[in-house]
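Below you'll find the structure, written out as structure tokens, and then a few comments.
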Amino acid sequence: MKYDFSAIEKKWQANWEKTKPYAAVTGDPRPKFYGLIEFPYPSGAGLHVGHPRPFTAMDVITRKKRMQGYNVLFPIGYDAFGLPTENYAIKNHIHPAIVTHDNIANFTRQLKMLGYGFDWDRCINTSDPDYYKWTQWIFLQLFKHGLAYKATMSVNWCTSCKVVLANEEVVEGVCERCGAPVVRKEKSQWMLAITKYADRLIDDLDELDFIERVKIQQKNWIGRSTGCELTFQTNMGCDVTVYTTRADTLFGTSYMVISPEHPLLNEWKDRIGNWDEVAAYREAAARKSDFERGELNKDKTGVRLQGVEIRNPVTGKDLPMFVSDYVLMGYGTGIVIGVPGHDQRDWDFATKFGLPIIEVVAGGDVTKCAFVAKDDSAVMVNSGFLNGMTVKEAIPAMKQYAVEQGFGKVKTNFKLRDWVFSRQRYWGEPIPLVYCEKCGWQAIPESELPLKLPNVESYEPTDDGESPLAKMTDWVNTTCPCCGGPAKRETDTMPNWAGSSWYFLRYMDPHNDKEAVGKDAEAYWGPVDWYNGGMEHTTLHLLYSRFWHKFLYDIGVVHTKEPYAKRTSHGMILGQNPHYVGNVDTEEEKQALIKKYGNQALRQSVKMSKSLGNVVNPDDVVQEFGADTLRLYIMFIGDFEKTATWSANAVRGCKKFLDRCWNLMDIAADDDALSPKNEAVIHRSIKKVTEDIDALKMNTAIAQLMTMVNEFYANGLTRGDLKMLMLMLSPFAPHMVEEMWELTGYAAKTGKMAMQNDWPVYDESKMVEQEKEIAVQVNGKLRATVVIPLNADDETVLGIVYANEKIAKMKEGMEVVKTIIVKNKLVNLILKPAK
RNA sequence: GCCGGUGUGAUGGAAUGGUAGACGUGACGGACUCAAAAUCCGUUGGGCGAAUAACCCGUGUGGGUUCGAGUCCCACCACCGGCACCA
């Protein structure tokens with residue numbers, strides 16, 4: 001019988017849809033396992049071949065867990081608010097809700113086509129009012145607890161999307177989505193005080209089973225540094241405060257720098273001798289984007305503030321002060337000490353402006369460049385009471401001194417900024433607040449949730465950057481929930497990170513119309529046991545959702561401090577580069593490609609994109625090879641964490657393997673016991689496959705199954721042998737195995753494969769053959785192999801080794817100085833000429 | 001510049017400090033076939049050989065530790081990802 005994947009897949013998908021073998025049961029006595037994948041954004045392009053990698057991996061994991069007796073929650077949903085849909089709607093004059101609905105239908109078709117064991121009854125959609133009611137509810141709780149606040153601030157403004165972007169959405173000075181330049185703009189914005197959770201977001205990482213690079217990236221992004229604030233007396237009638245991590249270098253300070261945006265400058269306006277010059281510098285700095293100030297322009301510029309003098313508390317000397325845009329207003333106090341001897345930026349600045357460079361840490365040559373010691377064992381010089389101490393000793397010593405003398409205090413700073421939460425767009429959750437002249441910002445009553453998005457004529461944002469909702473005066477004008485007077489609704493909407501910050505909770509209890517998530521459901525399912533997703537979400541979604549979850553913990557909605565017990569990450573799937581130099585033969589053609597495409601031409605693999613024409617559509621692959629082959633290949637493609645390149649040939653190899661498995665049905669002997677010949681390879685495979693799936697090493701798990709099948713062909717097999725293969729292969733190729741399970745008669749006995757809970761268990765004692773081939777080395781070099789009885793003692797092994805003809809020859813006239821025996825693996829003889 | 005990662009046959013990739021190249025592509029040879037496809041069985045790192053005899057070389061480069069190093073340590077090179085004037 002031929003393996004007709006198309007008919008088989010349709011048959012079982014329909015069966016699963018009807019019988020729901022993948023439904024999660026809240027409260028079930030079995031141990032629970034909650035496996036989560038990042039829900040997709042339902043774009044118009046449909047699923048691309050990158051999606052199945054993480055989806056299939058978690059499907060394999062959860063299918064195996066189910067077979068091991070777990071009550072599994074493996075849900076799916078759609079992150080449906082967002083700019084691409086809105087932009088499409090604007091262009092084609094279709095309501096974004098309709099676009100979203102159609103895209104979701106297409107995604108759902110494709111996901112079902114791939115045979116994932118999702119609990120479809122728990123499917124959610126963040127743009128559904130029944131869902132965003134609770135997104136709004138959580139926002140109101142944040143507001144009521146003082147964590148949502150409005151602030152006028154300089155924000156990132158995308159000139160093309162006409163929308164405010166979070167820092168995280170600006171990549172190399174351009175909009176992450178559209179690539180248009182990002183400029184700074186003053187705007188009043190809703191902010192979420194994520195920085196209040198900064199310490200906890202770092203410290204609680206220690207308890208989590210996240211892959212190390214995720215932890216490191218989050219820590220770096222939050223950027224905690226501990227130092228101290230030092231206060232200096234000035235001749236301007238007020239003190240100034242700086243932040244530094246290197247208080248030990250205070251004796252080496254030769255000037256001070258203030259940020260151009262610092263408000264103190266305005267206060268000092270009349271007493272700064274060269275105010276015109278300073279004002280011009282400030283204006284020029286304001287015109288530069290952050291990108292220009294940072295990336296493009298590392299040359300130091302600045303203006304000395306005439307008449308301003310700062311007293312150094314440890315030397316008693318007066319220091320000059322400069323304004324320079326290398327000092328950021330948003331970090332520390334906006335004023336820094338200049339220590340040119342031991343900070344390269346300060347050195348550059350001091351050299352340009354002819355300021356003294358004082359060496360206070362020995363070990364470098366500060367006339368050539370700043371000396372930044374690699375470790376903290378360098379010794380202090382020219383530093384009064386610190387002289388002779390190491391840097392390590394000097395930092396706390398100076399801190400202590402500064403605190404005692406009353407000019408310093410210990411301080412922790414973060415690079416993380418509060419989260420800009422407003423978007424001047426239509427397709428997002430309306431912010432459920434109103435503004436009353438008398439009462440200020442007020443939450444709408446929770447009974448009025450969800451605050452639904454009204455229908456508008458046009459989705460285009462206004463040129464002055466107001467949301468399209470601002471034009472809907474009927475909707476905007478309302479009454480104040482506090483005093484009943486006239487009030488206006490907030491017209492900004494939430495960013496698309498809002499809905500995804502808590503969606504994993506909604507899956508636990510998706511139809512609850514009383515609460516975001518019910519207490520019992522959350523207590524049963526939380527936390528997520530294993531969450532897999534892309535590295536690109538490490539500093540965005542992953543951090544934001546940890547923040548929301550911690551807040552929900554604080555107000556008693558959830559019972560765990562952290563949402564995800566375990567986090568792993570997958571590599572991207574790349575396509576063939578059509579412009580790769582390796583594709584052409586002659587040198588001229590190669591040079592032409594390099595000339596035309598530059599470094600791009602040197603890469604064999606590149607991101608799939610429409611413009612390159614190298615996009616692989618899952619629909620086509622399923623059509624040609626079947627869903628099981630696609631699933632198997634995307635798992636076999638290589639190390640899960642690394643990027644991998646799609647290869648049409650290798651897909652065929654996986655189809656061939658499935659054919660070989662299918663054809664085993666024709667040759668399997670009519671016997672339910674394991675055949676003695678195959679017993680060892682079966683038990684070895686159970687161990688390997690079980691452990692490899694848990695470790696996300698799907699490629700080697702599949703390789704082991706291939707090895708097992710090769711053995712079956714070499715040795716012959718029983719139906720019992722085949723049963724073992726079916727059980728272990730079923731998470732990877734569920735449709736085909738379901739059919740085989742039925743054809744071999746097992747379904748009639750124990751029900752369909754999707755309902756099995758007898759994942760095989762290996763027996764260590766049956767894993768190895770009774771004989772073992774081991775390596776024989778002489779002086780560390782491989783010289784022979786011999787076969788020994790399993791677990792033979794050293795004496796027996798050496799007897800066999802010495803009996804080997806080749807080894808015996810090498811031993812002639814030599815003395816055995818030492819023998820190293822690694823049990824069942826290797827013997828190493830150390831020989832030297834006999835005396 | 002800082003942080004993290006990677007470097008292995010023609011190719012995707014395997015290898016708790018213990019026989020480098022599992023498994024899969026591709027290639028070559030054979031069986032079946034009128035023939036092809038499919039399928040099945042072999043061979044396939046390089047050098048020197050008639051040899052599936054022996055020997056030598058081989059995991060980015062150069063050193064080191066070890067009886068033994070792809071794996072550990074030091075220095076360097078190349079590429080990929082993230083952050084970047086964060087005081």
Side-chain angles (χ1 to χ4, degrees), chain A residues 2 171-172 212-217 219-221 223-225 227 242-246 249 257 259 290 293-295 297-300 324-328 330-339 342-346 348-349 372 413-417 535-536 538-539 571-572 599 602-605 633 636-639 641-654 656-657 659-660 663 688 697 699-710 713-714 773-785 806 817-831:
Chain A
K2 202 175 163 287
V171 177
E172 291 184 354
E212 209 49 38
R213 54 197 180 120
V214 168
K215 288 189 183 183
I216 290 166
Q217 237 181 73
K219 280 183 193 168
N220 289 346
W221 183 263
R224 178 164 62 190
S225 79
V242 304
Y243 172 73
T244 180
T245 55
R246 292 295 305 277
T249 61
V257 191
S259 163
D290 268 10
R293 271 174 73 162
E295 178 78 12
N297 193 0
K298 301 243 180 189
D299 272 357
K300 298 292 176 284
S324 173
D325 64 7
Y326 85 87
V327 176
L328 309 173
Y331 186 80
T333 64
I335 305 175
V336 302
I337 51 172
V339 186
H342 306 284
D343 181 294
Q344 191 57 44
R345 289 160 305 166
D346 295 347
D348 294 342
F349 191 84
V372 184
N413 265 325
F414 300 93
K415 290 185 195 174
L416 184 72
R417 304 295 149 82
M535 279 307 286
E536 70 275 21
T538 301
T539 54
M572 252 194 316
N599 279 344
L602 299 174
R603 296 184 189 177
Q604 192 166 359
S605 315
Y633 172 62
F636 189 59
I637 196 166
D639 187 331
E641 286 201 11
K642 292 192 197 131
T643 54
T645 308
W646 185 269
S647 152
N649 273 335
V651 180
R652 248 170 251 130
C654 288
K656 203 161 114 183
F657 171 67
D659 282 330
R660 275 164 70 77
N663 292 337
K688 180 88 178 139
K697 292 165 82 173
N699 52 337
T700 48
I702 293 167
Q704 183 62 40
L705 291 175
M706 290 172 167
T707 303
M708 188 167 96
V709 168
N710 290 344
Y713 271 96
E773 189 190 54
I774 66 164
V776 182
Q777 296 182 342
V778 175
N779 295 335
K781 287 207 168 196
L782 179 71
R783 294 299 175 187
T785 58
K806 188 171 165 191
V817 184
K818 195 176 173 186
T819 59
I820 293 134
I821 301 176
V822 183
K823 199 172 180 186
N824 293 330
K825 282 238 159 122
L826 150 154
V827 173
N828 189 7
L829 304 176
I830 310 305
L831 300 184

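Please read these numbers as outputs of a predicted model, since none were measured by experiment. Each chain gets a letter, A, B and so on, in the order the sequences are listed, and its residues count up from 1.
- Rounded to a whole Å, the CD1 atom of A/Ile335 is 16 Å from the C1' atom of B/C86.
- Note on A/Gly332: nothing from the nucleic acid sits closer than 4.0 angstrom, heavy atoms only.
- Residues meeting the salt bridge (charged side-chain N to carboxylate O under 4.0 Å, His left out) test with A/Arg660, sequence neighbours left out: none.
- For A/Lys415 against B/C83, a side-chain-to-base donor-acceptor contact under 3.5 Å is absent.
- Cation-pi geometry between A/Lys300 and A/Tyr326 is satisfied (NZ or CZ under 6.0 Å from the ring centre, within 45° of the ring normal).
- Looking at which nucleotide of RNA chain B each of A/Ala650 and A/Ala714 is closest to, the 5′-most match is held by A/Ala650.
- Side-chain N/O atoms of A/Tyr243 include none lying less than 4.0 angstrom from OP1 or OP2 on B/A87.
- OP1 or OP2 of B/A87 sits under 4.0 Å from a side-chain N or O of A/Ser225.
- Using a 4.0 Å heavy-atom distance criterion, A/Asn663 is classed as making no nucleic acid contact.
- Searching all strands for a Watson-Crick or G-U wobble partner of B/U71 with both distances below 3.5 Å returns nothing.
- Pairing for B/G42 is with B/C28, a Watson-Crick or G-U wobble pair whose two hydrogen-bonding atom distances lie under 3.5 Å.
- Using N1 to N3 plus N6-O4 or O6-N4 for Watson-Crick, or N1-O2 and O6-N3 for G-U wobble, each under 3.5 Å, B/G17 pairs with nothing.
- Looking at the side chain of A/Trp221, the nearest of the listed nucleotides B/G4, B/C40, B/C83 is B/C83.
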- Under a 4.0 Å heavy-atom criterion, the protein footprint on nucleotides 49-57 of chain B, written with B, S and -, is ------SSS
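- Residue A/Met572 contributes atom CE, which lies 19 Å from atom P of B/G5 at whole-angstrom precision.
- Summary of the strand contacts: A/Asn649 and A/Val336 both lie near RNA chain B, and taking for each the nucleotide with the nearest heavy atom, the more 5' one is attributed to A/Asn649.
- The interatomic distance linking A/Tyr331 (OH) with B/C83 (P) rounds to 17 Å, in whole Å.
- A/Arg652 comes within contact range of no nucleotide atom at all, as no heavy-atom separation falls under 4.0 Å.
- Base orientation for B/G49: syn, the chi torsion being within 90° of 0.
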- Sugar-phosphate means primed atoms, P, OP1 and OP2; the rest is base. With that split, encode nucleotides 12-22 of chain B 5' to 3' as B, S or - using protein heavy atoms under 4.0 Å. BSSSB-BB--B
